[in-house]
Engineer: 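One structure, as structure tokens, below. Some questions next.
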Amino acid sequence: PSLVAYQVAFRHLIRLFPELAKRRHKTTGKLLLHHIVLKCRPATIVETMRATLALAPDSAKTPDSSGALPLHWATKNESFPADCVDILVQSYPQCIQALDQKGCLPLHWAVTASPTPLEVIRRLVKLYPKSSSVASSTGNLALHYAVSHDSPSVEVVNLLLAVFPDAVRHKNTLGELPLHRLMSRISPDMTVLNTLVQKFPEGLLVTNAHGHTPLHVALDHHLPSPVLTYLIKQGPRAAELGDSDGYYPLHMALDTPHPDPQIVEMLYNAHPAAATIPTHDDLLPFHLLLTLSPSPPIPLLAMLLTPLPHIVSLEVTEWIPRGEEGVSGVMLAGESWSGEWVERKWTPLQKAHERNLGPEVITFLQDVTANPALLTTKYHPSTGMASGGMHIAPPAKFVMNEPTIASAGTGVNSMAPPISFTAFNGGNNTFTNTAPVPSKTYEEVVPFDSQVLPSASPSAFLSATS
């Protein structure tokens with residue numbers, strides 16, 4: 001009864017005041033047709049659309065203040081019938097290709113709607129197949145928007161890829177693949193993730209404008225362990241790539257108060273050299289764990305410290321805004337800070353006391369400060385005292401040589417001085433690596449195994465000779 005009443009009221013109003021069909025809202029610029037397609041129910045929408053178009057034929061081609069046509073807004077009506085798309089297209093055939101002020105097609109709007117209007121999307125793609133390859137002003141395709149959805153539709157992703165398979169390889173203006181966009185969600189759909197990876201496995205190593213691979217993005221958003229595990233297993237070489245701030249995936253996995261030990265271990269084994277590479281702020285993975293976690297696990301501290309035991313007694317320099325000197329942990333001040341910066345130095349043991357990390361952590365640091373060899377005895381994984389069930393590669397000997405100058409552009413983290421080191425594993429093979437690590441000369445025992453060495457990477461090359 002209420003629907004009948006609405007229909008009767010609409011007929012009388014539109015007959016008495018036909019100018020309503022052509023009147024634009026003074027703020028939004030919307031016409032009556034914009035509101036009808038957005039809010040009307042299926043039982044009344046066909047009649048009201050046709051009646052309005054009869055009085056204002058140009059309604060279907062009239063944009064609102066954001067440049068959106070009625071067809072754009074129709075995609076946001078979860079009960080909008082797919083066959084009603086044809087009514088708008090018949091009135092204005094070009095509406096299917098129309099762009100709003102952000103360069104977005106009606107298809108772009110549709111794939112971001114919640115719930116996903118699958119039938120409307122199918123209709124839009126059928127009427128304009130090239131819409132899947134049209135990028136918005138930010139360079140995003142419909143696939144980028146579809147996977148950015150809180151609950152991306154597998155059906156929509158498959159439909160878009162069927163029409164334009166290369167969408168999975170397309171970068172937006174920020175250098176992001178659809179895979180990057182998917183990794184920015186709170187809980188990505190694993191089926192959609194697997195689809196994108198299987199269609200373009202090389203995408204796991206593609207970096208965006210910030211030097212982030214999809215793995216970097218996933219770690220930055222603290223995604224669940226199954227997602228991270230999948231990315232590492234499918235693309236372990238992503239662990240070899242540093243971003244524009246010198247952060248490798250190992251650094252990012254530790255750049256949180258509560259790192260996942262299993263993920264940290266996987267990243268370490270995928271690229272052990274990352275434990276020796278400082279960020280552009282001169283922070284090693286060991287420093288990040290020590291300064292951010294309220295309770296750093298001893299096994300992780302031992303694993304990260306083993307390649308460079310000497311750093312346990314070296315001072316770390318950080319620059320913080322004046323007035324923040326008493327704040328514990330690493331200060332990451334925003335670029336908007338315009339005041340005075342203060343230099344602050346600390347050793348790992350001082351930081352542990354400052355942050356009240358507990359007697360176990362302090363005892364560990366005191367032990368290895370006094371006797372670094374304990375990392376290969378008391379705290380070595382083989383003893384069972386520090387490993388906590390970790391499967392870290394057996395020890396090999398690293399001889400750190402004087403810094404050598406690498407070719408320009410050979411390293412991802414080119415801001416840090418490169419240093420060459422050689423690993424001897426049981427006397428059978430020699431591995432030479434050039435990687436950006438602190439300019440020191442060391443001779444240490446570290447866990448390393450030729451069986452877990454990744455293939456050559458942009459940031460460091462590893463080659464074996466007899």
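As a basis for the values below, the full set of heavy atoms in this structure was taken, side chains included, without hydrogen atoms, waters or symmetry mates.
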Engineer: Between His108 and Tyr145, how do the two ring planes meet: parallel, tilted or perpendicular, split at 30° and 60°?
Structural biologist: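 Because their plane-to-plane angle lies in the 30° to 60° range, the rings of His108 and Tyr145 count as tilted.
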Engineer: Quick check: closest heavy atoms across Asp100 and Ala68, and the distance to 0.1 Å?
Structural biologist: CB-N, 4.0 Å
Engineer: Can you spot which of Asp166, Leu161, Leu107 makes a side-chain contact (heavy atoms from CB on, under 4.5 Å) with Ser132?
Structural biologist: Leu107
Engineer: Just one of Leu231, Asp220, Leu228 clears the side-chain contact (heavy atoms from CB on, under 4.5 Å) bar with Met183, so which one?
Structural biologist: Leu231
Engineer: Without swapping roles, check the side chain of Ser153 against the backbone of Val156 for a donor-acceptor pair under 3.5 Å.
Structural biologist: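 Yes, the answer is positive, given that a donor and an acceptor are paired below the 3.5 Å cut-off.
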Engineer: Apply the side-chain contact (heavy atoms from CB on, under 4.5 Å) test between Pro296 and each candidate in Leu304, Thr291, Leu289; give the one that qualifies.
Structural biologist: Leu289
Engineer: Closer than 4.0 angstrom, basic N to acidic O: yes or no for Glu119 and Arg122?
Structural biologist: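 Arg122 and Glu119: salt-bridged.
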Engineer: Any heavy-atom pair between the side chains of Leu300 and Tyr268 that's under 4.5 Å?
Structural biologist: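 They are not in side-chain contact.
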Engineer: Do you know the tightest heavy-atom contact between Cys40 and Thr48?
Structural biologist: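 Looks like SG-OG1, 3.7 Å.
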Engineer: Return the minimal non-hydrogen interatomic distance between Ser59 and Leu33, and the atom names on each side.
Structural biologist: CB-CD2, 3.5 Å
Engineer: Working to the nearest 0.5 angstrom, can you tell me the gap between Ser187 OG and His221 NE2?
Structural biologist: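 Separation between the atoms: 13.0 Å.
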Engineer: Measuring from Leu71:CG to Leu124:CG, what's the distance to the nearest 0.5 Å?
Structural biologist: 6.0 Å
Engineer: Do Tyr128 and Leu105 make a side-chain contact, defined as non-hydrogen atoms from C-beta onward lying under 4.5 Å apart?
Structural biologist: yes
Engineer: Rounded to the nearest 0.5 Å, what separates atom OG1 in Thr75 from atom CG in Leu38?
Structural biologist: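 Going from the OG1 atom of Thr75 to the CG atom of Leu38 covers 9.0 Å.
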Engineer: Side chain of His35, backbone of Leu32: donor and acceptor closer than 3.5 Å?
Structural biologist: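 Not confirmed, His35 side chain does not pair with Leu32 backbone.
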Engineer: Looking at Glu176 and Arg169, is there a salt bridge between them, counting it only when a charged N and a carboxylate O are closer than 4.0 Å?
Structural biologist: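 No, no charged N to carboxylate O under 4.0 Å.
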Engineer: Could you go step by step and tell me if Asn208 and Val217 meet the side chain to side chain contact (heavy atoms under 4.5 Å, CB included) rule?
Structural biologist: CA-CA 10 Å; Asn208 63 17; Val217 178; 4.2 Å; yes
Engineer: Between Ala113 and Pro117, what is the shortest heavy-atom contact and its length?
Structural biologist: CB-CD, 3.7 Å
Engineer: Can you tell me if Thr229 uses its side chain to pair, donor with acceptor, with the backbone of Ser225 under 3.5 Å?
Structural biologist: yes
Engineer: Counting only N and O atoms by type, is there a donor-acceptor contact under 3.5 Å from the side chain of Thr116 to the main-chain atoms of Leu118?
Structural biologist: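 Not a single qualifying donor-acceptor pair exists.
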Engineer: If I take atom OG from residue Ser148 and atom CZ from residue Arg185, how far apart are they, to the nearest 0.5 angstrom?
Structural biologist: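 Those atoms lie 6.0 Å apart.
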Engineer: Between Val206, Leu179, Thr195, which is the residue that forms a side-chain contact (heavy atoms from CB on, under 4.5 Å) with Phe200?
Structural biologist: Val206
Engineer: Are Asp281 and Thr279 linked by a side-chain donor-acceptor pair shorter than 3.5 Å?
Structural biologist: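 No, because no side-chain N or O of Asp281 sits under 3.5 Å from a partner of the opposite role on Thr279.
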Engineer: Does NZ belonging to Lys199 count more than 12 external heavy atoms closer than 6.0 Å?
Structural biologist: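 No, because the 6.0 Å sphere around NZ of Lys199 holds 12 heavy atoms or fewer from other groups.
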Engineer: Answer whether the closest heavy-atom distance between the side chains of Val120 and Val85 falls below 4.5 Å.
Structural biologist: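 The answer is yes, as the side chains (C-beta and beyond) meet within the 4.5 Å cut-off.
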Engineer: Set out, in order, the CA-CA distance, both residues' side-chain angles and the distance that settles side chain to side chain contact (heavy atoms under 4.5 Å, CB included) for Trp346 and Glu354, then state yes or no.
Structural biologist: CA-CA 10 Å; Trp346 48 265; Glu354 175 188 304; 5.5 Å; no
Engineer: If you take all heavy atoms of Pro294 and His258, which pair is closest and at what distance?
Structural biologist: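 Nearest pair, atom of Pro294 first, then His258: CG-CE1, 3.8 Å.
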Engineer: Leu254 and Leu292: which non-hydrogen atoms are nearest, and at how many Å?
Structural biologist: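 Reported closest heavy-atom pair: O-CD1, 3.8 Å.
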Engineer: Can you check whether Met190 reaches Leu193 side chain to side chain, under 4.5 Å on heavy atoms?
Structural biologist: yes
Engineer: Using 0.5 Å steps for rounding, measure from the CG atom of Asp245 to the NE2 atom of His216.
Structural biologist: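 Nearest 0.5 Å value for the CG-NE2 distance: 10.0 Å.
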Engineer: Could you tell me if the side chain of Leu219 sits less than 4.5 Å from the side chain of Leu267, heavy atoms only?
Structural biologist: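 When only atoms from C-beta onward are counted, Leu219 and Leu267 do touch, with a gap below 4.5 Å.
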Engineer: Under 6.0 Å between ring centres, would you say that holds for His170 and His144?
Structural biologist: yes
Engineer: So, are Arg123 and Asp86 salt-bridged, with charged N and O less than 4.0 Å apart?
Structural biologist: yes
Engineer: When you measure from the side chain of His280 to the backbone of Ser244, do you find a donor-acceptor pair of N or O atoms at a distance under 3.5 Å?
Structural biologist: yes
Engineer: Does a side chain donor of either Tyr248 or Asp243 reach within less than 3.5 Å of an acceptor in the other side chain?
Structural biologist: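 No pair is found: no donor N or O on one side chain lies under 3.5 Å from an acceptor on the other.
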Engineer: Run the numbers on Thr112 and Lys76 for side chain to side chain contact (heavy atoms under 4.5 Å, CB included), then give the verdict.
Structural biologist: CA-CA 9 Å; Thr112 62; Lys76 298 300 182 182; 2.9 Å; yes
Engineer: Could you check whether Lys30 and Ser65, counting side-chain N and O atoms only, form a donor-acceptor pair closer than 3.5 Å?
Structural biologist: no
Engineer: Has Arg24 got more than 12 heavy atoms of other residues, nucleotides or ligands less than 6.0 Å from its CZ?
Structural biologist: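 Counting other residues, nucleotides and ligands, CZ of Arg24 exceeds 12 neighbours.
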Engineer: I'd like to know if the side chain of Thr173 and the backbone of Thr138 have a donor-acceptor N/O pair within less than 3.5 Å.
Structural biologist: yes
Engineer: Does His287 reach the main-chain N or O of Pro278 with its side chain, forming a donor-acceptor pair under 3.5 Å?
Structural biologist: no
Engineer: Side chains of Gln97 and Ser131, heavy atoms from C-beta outward: is any pair under 4.5 Å?
Structural biologist: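 No, every pair of side-chain atoms sits at 4.5 Å or beyond.
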Engineer: May I ask you to check whether Ser137 and Lys102 show a side-chain donor-acceptor distance below 3.5 Å?
Structural biologist: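 Lys102 and Ser137 do not have a side-chain donor-acceptor pair below 3.5 Å.
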Engineer: Is there a side chain to side chain contact (heavy atoms under 4.5 Å, CB included) between Asp282 and Thr317 once you walk through the steps?
Structural biologist: CA-CA 8 Å; Asp282 291 326; Thr317 300; over 6 Å; no
Engineer: Within this structure, what is the CD1-CD1 distance for the pair Ile45 and Ile36, rounded to the nearest 0.5 Å?
Structural biologist: 8.0 Å
Engineer: Answer whether the closest heavy-atom distance between the side chains of Ile311 and Leu305 falls below 4.5 Å.
Structural biologist: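 Ile311 vs Leu305: side chains touch.
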Engineer: Stepwise, does the side chain to side chain donor-acceptor pair (under 3.5 Å) test hold for Asn194 with Tyr230?
Structural biologist: CA-CA 9 Å; Asn194 187 60; Tyr230 175 87; 2.7 Å; yes
Engineer: Tell me if a side-chain donor or acceptor on His251 pairs with a main-chain N or O of Ile277 at a distance below 3.5 Å.
Structural biologist: yes
Engineer: Do Pro188 and Leu223 come close enough that some side-chain heavy atom pair is under 4.5 Å?
Structural biologist: yes
Engineer: Hey, can you tell me if His210 and His212 have their rings parallel, tilted or perpendicular (30° and 60° cut-offs)?
Structural biologist: tilted
